[in-house]
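Data block below; observations after.
Everything numeric in this text was worked out from a predicted model, so none of it was measured.
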Amino acid sequence: IGSCTAGILGFTYIIEGTQTDALVVGDLVAENATDRVETPFEGSRDAEGIVVSFDTVHESAGQRVRLVGTITASAVE
């Protein structure tokens with residue numbers, strides 16, 4: 001579970017995905033009582049950690065929001 005805030009926009013998301021060899025694909029999923037929004041991502045995983053990127057425009061009720069970014073994660077020992 002993660003969260004993101006940019007200006008007045010904020011959301012909490014769950015990461016759902018799969019890994020095949022070094023390829024990681026999936027969705028950042030944000031849900032509320034009435035809606036589910038999925039932002040697809042793709043990236044790679046190696047011994048150092050994981051890097052995934054996303055770039056999607058979501059549209060609802062005449063409003064458009066572009067979610068674009070990169071998530072980098074590494075193990076903490």
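- Scanning all heavy atoms of the two residues, the minimum distance from S53 to T70 falls at OG-OG1, 3.3 Å.
- D46 places a side-chain N or O within donor-acceptor distance of the main-chain N or O of E48, the cut-off being under 3.5 Å.
- Atom-to-atom distance recorded for Q19:CD and S44:OG is 9.5 Å, nearest 0.5 angstrom.
- T39 and T56 share no donor-acceptor pair across their side chains, judged by distance under 3.5 Å alone.
- Between L28 and I15 the shortest side-chain heavy-atom distance falls below 4.5 Å.
- Between H58 and E38 the shortest heavy-atom distance is CE1-O, 3.1 Å.
- Residue R36 qualifies as enclosed at atom CZ: its count of foreign heavy atoms under 6.0 Å is above 12.
- Considering only heavy atoms from C-beta on, V52 stays 4.5 Å or farther from E42 through its side chain.
- Within the model, atoms CZ of R45 and CG of L23 stand 12.5 Å from one another, a figure rounded to the nearest 0.5 Å.
- Contact annotation: the side chain of I71 approaches that of F54 to within less than 4.5 Å [non-hydrogen atoms, C-beta and beyond].
- Between F41 and V24, the shortest heavy-atom contact is CE1-CG1, 3.8 Å.
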**OP:** Kindly indicate, with the supporting measurements, whether the criterion side-chain contact (heavy atoms from CB on, under 4.5 Å) is fulfilled by I50 and T72.
**Re:** CA-CA 6 Å; I50 186 169; T72 303; over 6 Å; no
